[in-house]
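Values in this document were obtained by computation on a predicted structure and should not be read as measured data.
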Amino acid sequence: MTSLRIMCATKRVLDYALKPRIAKGGAGVDLTGQKQSLNPFCEIGVEEAVRLREKLGKDKVSDIVAFSAGPPKAQDTLRTALAMGADRALLVEVAESDTPKLEPLSVAKLIAGAAKEEKADIVILGKQAIDTDNNQTGQMLAGLLGWGQATCASKVEVGEGGKEVKVEREVDGGTETVEVKLPCVITTDLRLNEPRFATLPNIMKAKKKPLAKKKPQDYGVDLANPRLKLLKVEEPPTRQGGDKVADVDSLVAKLKELKAI
């Protein structure tokens with residue numbers, strides 16, 4: 001079995017425990033003063049890479065690199081990945097004001113450039129980010145690289161020869177198992193694993209691990225002309241309270257009144 005090199009693509013997003021605030025005029029989500037952290041699906045991807053190393057051995061998984069594209073503050077989320085067990089990190093740095101221009105296709109191009117440069121065998125990333133919920137980057141990445149892909153993974157197993165990966169994924173009515181040859185792209189679902197908490201000693205060690213910085217231009221990506229335009233963000237309509245009925249006859253009468261039956 002050859003030694004594997006794994007890249008974990010990550011994203012910095014509004015912390016999942018916080019309620020988003022709509023910016024004035026519905027121009028987007030107001031992130032001022034809001035805590036941002038590692039996208040939960042990406043965190044699962046980092047955890048899976050570390051678990052593969054623990055299962056197969058360090059001689060079989062020689063390198064785990066965490067990747068992200070974003071503002072300088074994205075270093076914090078990369079340090080989280082390093083504290084979880086990644087060996088080193090790579091940040092494609094853009095100005096804070098340019099982060100909305102990091103669309104799925106441009107991010108896929110950046111990851112593709114880095115994957116080629118790092119000679120990655122497996123790229124693991126979240127199936128989606130909880131801020132935009134696009135669920136597009138992994139598929140675009142596989143297309144750009146010409147690699148096989150296994151999306152929405154709930155279980156990952158590397159073959160004995162280290163030349164293919166079996167991925168179990170949930171589908172309507174059950175599960176589906178696919179086999180892809182390396183190199184490949186895997187996107188993670190919530191049921192794949194439960195990420196570990198980074199311990200204080202590992203957090204301190206992560207501060208000393210290497211973190212390289214690049215620019216989008218290093219991978220031939222131009223963010224000047226985004227393809228997508230955010231028109232408006234608004235709160236979902238407030239749900240109205242339901243009605244209580246005394247018995248089945250009252251329930252049927254109510255449903256008829258609402259023309260539900």
Side-chain angles (χ1 to χ4, degrees), residues 9-47 68-71 73-74 76-77 80 94-108 125-141 149 151-154 169-176 187-195 223 225-261:
T10 67
K11 186 178 182 182
R12 175 176 177 259
V13 299
L14 179 68
D15 191 87
Y16 73 93
L18 300 179
K19 180 181 178 181
R21 297 193 308 241
I22 306 301
K24 188 176 181 180
V29 175
D30 183 11
L31 298 175
T32 306
Q34 297 279 71
K35 179 185 176 183
Q36 297 189 60
S37 54
L38 183 59
N39 177 49
F41 289 99
C42 299
E43 188 176 13
I44 289 170
V46 176
E47 174 67 23
S68 190
K73 291 181 180 179
D76 296 338
T77 52
T80 299
V94 301
E96 187 82 47
S97 58
D98 286 337
T99 51
K101 299 177 183 178
L102 287 170
E103 300 170 347
L105 181 57
S106 57
V107 173
L125 63 158
K127 70 172 185 178
Q128 64 198 74
I130 62 171
D131 52 359
T132 55
D133 282 330
N134 287 316
N135 190 1
Q136 296 175 339
T137 304
Q139 293 87 330
M140 290 178 173
L141 172 62
Q149 60 177 304
T151 59
C152 306
S154 58
R169 54 198 303 272
E170 294 185 0
V171 295
D172 292 340
T175 59
E176 175 185 70
T187 70
T188 63
D189 207 348
L190 285 175
R191 290 177 180 81
L192 179 57
N193 61 54
E194 184 175 342
L223 301 178
N225 299 302
R227 291 173 169 79
L228 304 177
K229 181 179 180 181
L230 180 63
L231 300 179
K232 190 177 183 181
V233 176
E234 55 188 10
E235 294 275 4
T238 303
R239 293 183 63 183
Q240 297 182 356
D243 294 331
K244 290 185 178 181
V245 293
D247 49 40
V248 174
D249 291 337
S250 300
L251 174 61
V252 173
K254 188 67 175 178
L255 290 173
K256 287 181 177 179
E257 179 186 332
L258 297 172
K259 297 181 180 180
I261 58 175

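Results of the side-chain contact (heavy atoms from CB on, under 4.5 Å) test with Q36 over L31, V13, D15, L18 single out L31 as the only residue that passes. For the side-chain contact (heavy atoms from CB on, under 4.5 Å) with P104, the qualifying choice from L141, L228, N135 is L228, the only one to do so. Checking each of T137, N39, T188 against L125 for a side-chain contact (heavy atoms from CB on, under 4.5 Å) leaves exactly one that passes, namely T137. Tested against K254, the residues D247, D243, D249 include a single salt bridge (Lys or Arg N to Asp or Glu O under 4.0 Å) partner, D243. Each of Q139, K127, R169 was scored for a side chain to side chain donor-acceptor pair (under 3.5 Å) with T151, with one residue passing: R169.
Listed here is the closest heavy atom pair of P40 and Y16: CG-CB, 4.2 Å. In plain terms, the two heavy atoms of E176 and V171 that are nearest each other are CB-CG1, 3.9 Å. Scanning all heavy atoms of the two residues, the minimum distance from L223 to P226 falls at O-CD, 3.8 Å. Contact record, C42 with A9: SG-O, 3.7 Å, taken as the closest heavy-atom pair. When all heavy atoms of L14 and K35 are compared, the closest pair comes out as CD1-O, 3.6 Å. Here the closest heavy-atom approach between residue R227 and residue E103 is recorded as N-OE1, 2.9 Å.
If you take CZ on F41 and CG on D133, they are separated by 7.5 Å, rounding to the nearest 0.5 Å. In this structure, OG on S37 lies 7.0 Å from CD1 on I130, to the nearest 0.5 angstrom. With values rounded to the nearest 0.5 angstrom, Q149 atom CD is found 7.5 Å from T187 atom OG1. The distance from the OG1 atom of T10 to the CG atom of L38 is 5.5 Å, given to the nearest 0.5 Å. Between the CD atom of E257 and the OG atom of S250 there is a distance of 11.0 Å, given to the nearest 0.5 Å.
A salt bridge between R191 and E170 is present, with a side-chain N of the basic residue lying under 4.0 Å from a carboxylate O of the acidic one. For K101 and D98, the salt-bridge test passes: some basic side-chain N is under 4.0 Å from an acidic carboxylate O.
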I'd like to know whether D131 forms a side-chain contact (heavy atoms from CB on, under 4.5 Å) with V29, so could you lay out the CA-CA distance, the side-chain angles of the two residues, the decisive distance to 0.1 Å, and finally the verdict.
CA-CA 9 Å; D131 52 359; V29 175; over 6 Å; no
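In terms of modelled atom types and a separation under 3.5 Å, the side chain of T99 and the main chain of G70 share no donor-acceptor contact.
For the residue pair D189 / S154, no side-chain donor-acceptor distance below 3.5 Å is found, with atom types taken as modelled.
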